[in-house]
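Here's a structure for you.
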Amino acid sequence: SIERGRAGRVGLLPSPERAAAVPCVCGGWREETPMPLQPAESCCGACPLLQGVQIIASYTVVVGTFSLLSLLMKGPADKPVASESMQVVEFLERVYHTLAFFAGLKGLIGVMFRDSRRLRVLFLYHLGELIVKGIAVILREAEACEELRRLQRLHKTAENVDCQTAQIGLLLEFCIHGALFSYFAYVIWSLVSRLESGELGRRGGLGELDQELAERGVLADPWLFMGSGDALLQRAPLTSTLTEGAGGRGGGRGAGSGAAR
């Protein structure tokens, strides 16, 4: 014990303060640096993480569907109100939003099969959405005064709005949109991180995700609501029931035929 105490004082053994240290390749000890951003355990504080990502992916599919239909069915306006630069910005935004349809489908399949690679596609789409919105709001801020004057010539009710108010409104809209989609990206990243770390197989903590999939399977099968108690969860598969029944009938015949002989 005396030698161990001496070794701890000279630094050969980790002290109690260095209990969380990790040995380096060189033989020393280094402090384990925590992650700067911890993955979330739930969505919006109440919704399970898996279900939250499923809702986000479904919303993304809806946005992509409407953008795709708008791009295919809506032609150019006869008398456009916006300037040419703003028309280009709106068109590029609509084109990018059509990718939401495919990214949302990837996300839904990733939630179904717990595939982190497909969920990363949904995550990258939302990061791209933030970048596209950031570029668009910069261009709109630069053209805000000119667009406001054009609108004031067409609509008399817009005369009470000045250029600064219009710019503040655009900035406030971008802040709300950016905060919402940043949280969407954070929730998707949290699920990807927990899938890659293998936490879905544990009980307790993230084990509620397994319970959520079981509950969703119950909702998908209406016959499970015909009974009550644990008998619903202990229902035998149809194939095994048929096999056992056939085996029982075959065994009965064999016994009877043996007795006859």
| field | Ile188-Val121 co-clustered via ILVMFWY side chain contacts under 4.5 Å | value |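 No, separate clusters.
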| field | Leu195-Tyr125 co-clustered via ILVMFWY side chain contacts under 4.5 Å | value |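 In one cluster: no.
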| Within a strict 4.5 Å, meaning less than it, do heavy atoms of the Met112 and Gln54 side chains meet? |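 A side-chain contact is absent here, since even the closest heavy-atom pair is not under 4.5 Å.
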| task | Treat each ILVMFWY residue as a node, draw an edge where side-chain heavy atoms are under 4.5 Å apart, and state whether Val63 and Leu108 are in one component. | result |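 Unlinked, Val63 and Leu108 end up in two clusters.
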| Short side-chain to backbone donor-acceptor contact, Ser190 and Ala40, under 3.5 Å |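 Between the backbone of Ala40 and the side chain of Ser190 there is a qualifying donor-acceptor contact (under 3.5 Å).
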| said: Counting C-beta onward and ignoring hydrogens, is there a side-chain heavy-atom pair between Glu143 and Ser85 closer than 4.5 Å? | reply: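 Sidechains of Ser85 and Glu143: in contact.
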| Is Val53 close to Cys43 at the side-chain level, that is, under 4.5 Å between some pair of heavy atoms? |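 They are not in contact (no side-chain heavy atoms under 4.5 Å apart), so the answer is no.
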| Transitive ILVMFWY side-chain link Tyr96 to Met86, under 4.5 Å |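 No, because Tyr96 and Met86 fall into different hydrophobic clusters, even though each may have its own neighbours under 4.5 Å.
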| task | For residues Ala166 and Leu148, report the shortest heavy-atom separation together with the two atoms involved. | result |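 In this case the closest contact between Ala166 and Leu148 is CB-CD2, 4.4 Å.
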| field | Other ILVMFWY residues reachable from Ile168 by side-chain steps of under 4.5 Å | value |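 In the cluster with Ile168 there is nothing else; it is isolated.
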| message | Using only atom types and a distance under 3.5 Å, with no angle test, would you say the side chain of Ser70 pairs donor to acceptor with the backbone of Phe66? | response |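 The answer is no, because no donor-acceptor pair under 3.5 Å joins these two groups.
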| query | For Arg117, what residues pass the side-chain hydrogen bond (donor to acceptor under 3.5 Å, both in side chains) criterion, not counting sequence neighbours? | reply |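 Result, side-chain hydrogen bond (donor to acceptor under 3.5 Å, both in side chains) vs Arg117: none returned.
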| request: Indicate, with yes or no, if Leu180 and Tyr59 share a hydrophobic cluster defined by side-chain heavy-atom contacts under 4.5 Å among Ile, Leu, Val, Met, Phe, Trp and Tyr. | output: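 Same cluster.
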| request: Could you tell me which residues satisfy side-chain hydrogen bond (donor to acceptor under 3.5 Å, both in side chains) with Thr165, sequence neighbours excluded, listed by chain and number? | output: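 Partners of Thr165 under the side-chain hydrogen bond (donor to acceptor under 3.5 Å, both in side chains) test: Asp162.
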| said: Please find the pair of heavy atoms, one from Arg194 and one from Pro39, that lie closest to each other, and give the distance. | reply: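 The pair with the smallest heavy-atom distance is NH2-O, 2.9 Å.
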| query | How close do Ala57 and Leu122 get, heavy atom to heavy atom, and via which atoms? | reply |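 Closest pair (atom of Ala57, atom of Leu122, distance): CB-CD2, 3.9 Å.
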| For Glu146, salt bridge (Lys or Arg N to Asp or Glu O under 4.0 Å) partners two or more places apart |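 With sequence neighbours excluded, Glu146 shows a salt bridge (Lys or Arg N to Asp or Glu O under 4.0 Å) to Arg149, Arg150, given in chain and number order.
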| query | If you take all heavy atoms of Gly52 and Cys47, which pair is closest and at what distance? | reply |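 It is N-SG, 3.6 Å.
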| task | Given side-chain contact (heavy atoms from CB on, under 4.5 Å), test Glu141 with Leu170 step by step and report yes or no. | result | CA-CA 7 Å; Glu141 287 283 345; Leu170 289 173; 3.5 Å; yes
| query | Is the backbone of Leu37 close enough, under 3.5 Å, to the side chain of Tyr186 for a donor and an acceptor to pair up by distance? | reply |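 The answer is no, because no donor-acceptor pair under 3.5 Å joins these two groups.
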Sequence neighbours excluded and cut-off under 3.5 Å, please list the side-chain donor-acceptor pairs for residues 126-140, or say none.
unit_1	atom_1	unit_2	atom_2	d
His126	NE2	Thr60	OG1	3.4
Glu129	OE1	His97	NE2	3.1
Glu129	OE2	His97	NE2	3.3
Glu129	OE2	His177	NE2	3.3
Lys133	NZ	Glu93	OE2	3.3
Arg140	NH2	Glu93	OE1	2.8

| said: What's the separation between atom CG in Leu105 and atom CZ in Arg118, rounded to the nearest 0.5 Å? | reply: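 Spacing of CG (Leu105) from CZ (Arg118) equals 11.5 Å.
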| Arg120 atom CZ, neighbour heavy-atom count above 12 within 6.0 Å |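 No - once you tally the heavy atoms of other residues, nucleotides and ligands closer than 6.0 Å, there are 12 at most.
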| Would you say the ring centroid of Phe123 lies under 6.0 angstrom from that of Phe184? |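 Ring centroids of Phe123 and Phe184 are no less than 6.0 Å from each other.
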| query | Side chains of Phe102 and Val61: does their closest heavy-atom pair fall under 4.5 Å? | reply |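 Counting from C-beta outward, Phe102 and Val61 never come under 4.5 Å.
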| task | Measure the CZ-OG distance between Arg94 and Ser67 for me, rounded to the nearest 0.5 Å. | result |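 Spacing of CZ (Arg94) from OG (Ser67) equals 8.0 Å.
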| task | Answer whether the closest heavy-atom distance between the side chains of Cys44 and Tyr183 falls below 4.5 Å. | result |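 A side-chain contact under 4.5 Å exists here.
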| Cys145: partners by disulfide bond (SG atoms under 2.5 Å apart), with sequence neighbours left out |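 Cys145 satisfies disulfide bond (SG atoms under 2.5 Å apart) with Cys163 once adjacent residues are dropped.
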| query | Does the side chain of Leu92 reach to within under 4.5 Å of the side chain of Val88, using non-hydrogen atoms? | reply |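 Contact flag for Leu92/Val88 side chains = yes.
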| request: Rounded to the nearest 0.5 Å, what's the gap from CG on Leu99 to CG on Leu124? Could you check? | output: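 Answer for the CG-CG pair, Leu99 versus Leu124, is 12.0 Å.
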| field | Flag side-chain contact, heavy atom, 4.5 Å: Asp115 against Ile109 | value |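 The answer is no, as the side chains (C-beta and beyond) never meet within the 4.5 Å cut-off.
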| said: Do Ser42 and Leu49 have side chains that approach each other closer than 4.5 Å (heavy atoms only, starting at C-beta)? | reply: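 Ser42 vs Leu49: side chains apart.
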